[in-house]
Protein chains: 2
Amino acid sequence: MIFIMFSLTLTLIVIGMIKCEQCIVKQFNALKSLEKDDLIRISGCKTSKFIKKGETLFREGESINGVYCIKEGVCKLIKLSANGKDQIVKLVVRGDLLGQRSLVTDEKSNLTAIAVNEMEICFIPKSEILNDLSKNANFSLDMLQDMAKELRIADNVIVDMAQKSVKQRLADVLVYLNTTFDNDEKGYLGVTLSREDYANLVGTATESAIRILSQFKKEGYISTTGKQIKILDLEGLKRIE
Amino acid sequence: MIFIMFSLTLTLIVIGMIKCEQCIVKQFNALKSLEKDDLIRISGCKTSKFIKKGETLFREGESINGVYCIKEGVCKLIKLSANGKDQIVKLVVRGDLLGQRSLVTDEKSNLTAIAVNEMEICFIPKSEILNDLSKNANFSLDMLQDMAKELRIADNVIVDMAQKSVKQRLADVLVYLNTTFDNDEKGYLGVTLSREDYANLVGTATESAIRILSQFKKEGYISTTGKQIKILDLEGLKRIE
DNA sequence: ATGAAAACATGATAAATATCATAGTTTATA
DNA sequence: TATAAACTATGATATTTATCATGTTTTCAT
């Protein structure tokens, strides 16, 4: 009997079926404001998934009809610009909720979401969570606060895009990655991006991103091993202009 | 007696004391979801103001502690970037609510608001409206929808800033102004901005904005009389790349 | 109305960035 | 483990944008 329970728990863990009410990452987002009963109800209808690097969660123009809770991994939110280039609008990380906008509007998604590395996510259908929005003032206030924060960040990104040089923006990205993700054992950035991803994050040509990273390397700000990047002089990067 | 009533009404109108529940512009924002009783209560504590062109409503770093309802006129939301240049993050127009973020966070304002022309605004203290957020689900849902929309727009601006050329962005701004504001009797854009404002909207040097506007003029897309700009070839502007 | 200040305009030049070309490296996988 | 495909790197050059300089026009307060 004990063996069976153990085996069951193990299986649940292996296929990612941790219950919402026990899940650690809910601490980091608006779900923390839900009552235990509601979390249990939501847990019953959520879908857990593992997503491989490079897989698409959803595309621009699709209906989402729910929120994704990022349990592990990183994904990039991309928009294809009129001139055919991809722009990474933001990175979504462990603990973040993805698709809040779909809860309050019926619009199609404005962005495409693609996994940057192995991800573990839970999908909660809109229908299941919509009631909480109208009945639980704390939850909707929390949601408002999240959006307000995202809006402030977006405004700052606009200013940076408009006013800073490509080199500054690239330095900013490195600083951001360094502070947002734990470095690995060897001191490399915790997220591995392609040079093209870097270019699409700062809005420049891939060659330009490569060139500037090479320059950073020559000047001793970073070192690289293949795609992996190690920050050697964080304060120096912050001073770049 | 009739004369006194008439005189009173007239005075109220002249000093801008239209009551919220009768105010047309509330249709355009989240206030439309409040009950009549709540609007009357709010009306009782709101402050009405006329703001002259160039005046500052609030500055980056200040506490706002309430929302402004824009009854008439336009203001620009500015952020000073690290390199000392102003960036206009967005224009706020008749019907918009300004400062929603202050309702759900205690942070200082991230932006500075300056009147672009003569404005008429009402200020509603945070204390008075906070209760409505927790008690009126429609109101807070409306607020969420507003923010979701702003977020989508901000994401699009990020992509444009990162991927489009200065010329394209400037053409976009002209198209935006043309569609957002009614042109005056002579067909000029309904909002008059300085060349520096145009530069700060698209994130370029003032000389560059001037140069490109001159070019648009030569190429027959627009005509100008002093600061005033008339769109001659809207479709042409949309096609610029 | 008038003079000073602000805004507009444009040339010359420098700096930043994109594009095209080519080659070396890494990565994935058959 | 061989091989193609994808990614990284760098040079040469073109294009875009910023900066500095200077003159003109408009605006505004007296």
Side-chain angles (χ1 to χ4, degrees), chain A residues 52-55 81-87 114 116-118 160-173 188-189 192-219 222-230 240-241, chain B residues 52-55 76 81-88 114 116-118 160-173 188 192-219 222-229 240-241:
Chain A
K52 283 201 282 284
K53 175 180 171 181
E55 268 189 76
S81 80
N83 61 29
K85 287 186 198 156
D86 279 336
Q87 175 67 29
I114 297 179
V116 163
N117 47 33
E118 180 90 3
D160 287 349
M161 285 291 178
Q163 302 278 2
K164 291 187 177 177
S165 69
V166 173
K167 198 192 292 186
Q168 266 183 302
R169 270 138 58 194
L170 194 44
D172 284 353
V173 165
Y188 290 98
L189 290 178
T192 304
L193 299 173
S194 69
R195 302 295 195 259
E196 191 180 8
D197 283 335
Y198 279 104
N200 293 345
L201 266 170
V202 303
T204 191
T206 304
E207 298 97 317
S208 298
I210 289 173
R211 244 181 266 274
I212 293 171
L213 287 175
S214 298
Q215 192 191 340
F216 285 171
K217 208 161 118 180
K218 268 187 208 135
E219 292 167 350
I222 63 174
S223 70
T224 67
T225 306
K227 280 200 220 308
Q228 309 204 82
I229 295 179
K230 190 188 295 191
I240 278 175
E241 56 183 42
Chain B
K52 282 199 283 282
K53 176 181 169 178
E55 269 190 74
K76 51 186 175 184
S81 80
N83 61 26
K85 287 185 199 158
D86 280 334
Q87 175 67 30
I88 299 182
I114 297 179
V116 163
N117 48 32
E118 180 90 4
D160 288 349
M161 285 291 179
Q163 303 277 3
K164 291 186 176 177
S165 69
V166 173
K167 198 193 290 186
Q168 266 183 302
R169 270 137 59 194
L170 194 44
D172 285 352
V173 165
Y188 290 99
T192 305
L193 298 173
S194 70
R195 301 294 196 260
E196 191 181 7
D197 283 334
Y198 279 104
N200 293 344
L201 267 170
V202 302
T204 191
T206 304
E207 298 97 317
S208 298
I210 289 174
R211 242 181 268 275
I212 293 172
L213 287 175
S214 296
Q215 192 191 339
F216 284 170
K217 209 161 118 181
K218 268 187 208 135
E219 292 167 352
I222 62 173
S223 70
T224 66
T225 308
K227 279 200 220 306
Q228 308 205 83
I229 295 179
I240 277 176
E241 56 183 40

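Within every chain, numbering begins at 1; the chains are lettered A, B, ... in the order of the sequence lines, protein sequences first and strands thereafter.
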Note to self: Exactly one of A:Ile212, A:Val202, A:Ile240 should register a side chain to side chain contact (heavy atoms under 4.5 Å, CB included) with A:Arg169. Which one does?
What the structure shows: A:Val202
Note to self: Using OP1 and OP2 only, check whether a side-chain N or O of B:Lys53 sits under 4.0 Å from D:dT27.
What the structure shows: no
Check: Under 4.0 Å between a side-chain N or O of B:Lys227 and OP1 or OP2 of C:dA7?
Finding: no
Margin query: If you assign each of A:Ala205 and A:Gly226 to its closest nucleotide in DNA chain C, which residue comes earlier from the 5' end?
Written below: A:Ala205
Next item on the list: In whole angstrom, give the distance that lies between atom CG of A:Asn83 and atom C1' of D:dT15.
Entry: 15 Å
Note to self: Can you measure A:Gln168 atom CD to C:dA15 atom C1' for me and round it to whole angstrom units?
What the structure shows: 14 Å
Notebook entry, point to check: Quick one: is D:dT16 close enough that its OP1 or OP2 comes under 4.0 Å of any side-chain N or O from B:Ser208?
Noted result: no
Notebook entry, point to check: With respect to the phosphate group of C:dT10, does any side-chain polar atom (N or O) of B:Ser214 fall under 4.0 Å of OP1 or OP2?
Noted result: yes
Note to self: Heavy atoms from C-beta onward define the side chain here; which of D:dT17, C:dA18, C:dT17 lies closest to that of A:Thr204?
What the structure shows: C:dA18
Check: Does D:dC7 have OP1 or OP2 sitting under 4.0 Å from an N or O in the side chain of A:Ser194?
Finding: no
Notebook entry, point to check: Distance-only, no hydrogens or angles: does the B:Asn117 side chain make a donor-acceptor pair with backbone N or O of B:Thr192 under 3.5 Å?
Noted result: no
Notebook entry, point to check: For the pair made of NZ in A:Lys52 and C1' in C:dT29, what is the distance, rounded to whole Å?
Noted result: 15 Å
Item checked: Protein-nucleotide distance (A:Glu196, atom CD; C:dT26, atom C1'), rounded to Å -> 16 Å
Notebook entry, point to check: So which one's nearest nucleotide on DNA chain D is more toward 5', A:Thr224 or B:Gly203?
Noted result: A:Thr224
Margin query: Taking A:Leu201's backbone N and O only, do any of them form a donor-acceptor pair with A:Gln87's side chain (distance below 3.5 Å, no angle check)?
Written below: yes
Check: Which comes earlier along DNA chain D counting from the 5' end, the contact point of A:Ile210 or that of A:Ala162, where each point is its nearest nucleotide?
Finding: A:Ile210
Check: Rounded to whole angstroms, how far apart are CZ on B:Arg211 and C1' on D:dT16?
Finding: 12 Å
Notebook entry, point to check: What is the distance from CD of B:Glu207 to P of C:dC8, rounded to the nearest Å?
Noted result: 12 Å
Next item on the list: Have a look at B:Thr206 and say if it touches a base, only the backbone sugar-phosphate, or nothing, with a 4.0 Å heavy-atom cut-off.
Entry: nothing
Check: What's the NZ-C1' distance between B:Lys217 and D:dT25, to the nearest Å?
Finding: 12 Å
Margin query: Taking B:Ser165's backbone N and O only, do any of them form a donor-acceptor pair with B:Gln168's side chain (distance below 3.5 Å, no angle check)?
Written below: yes
Check: Between B:Ser81 and A:Lys164, is a side-chain hydrogen bond (donor to acceptor under 3.5 Å, both in side chains) present by the stated rule, with each step listed?
Finding: CA-CA 8 Å; B:Ser81 80; A:Lys164 291 187 177 177; over 6 Å; no
Item checked: Atom-pair distance (CG on A:Leu170; C1' on D:dT8), nearest Å -> 15 Å
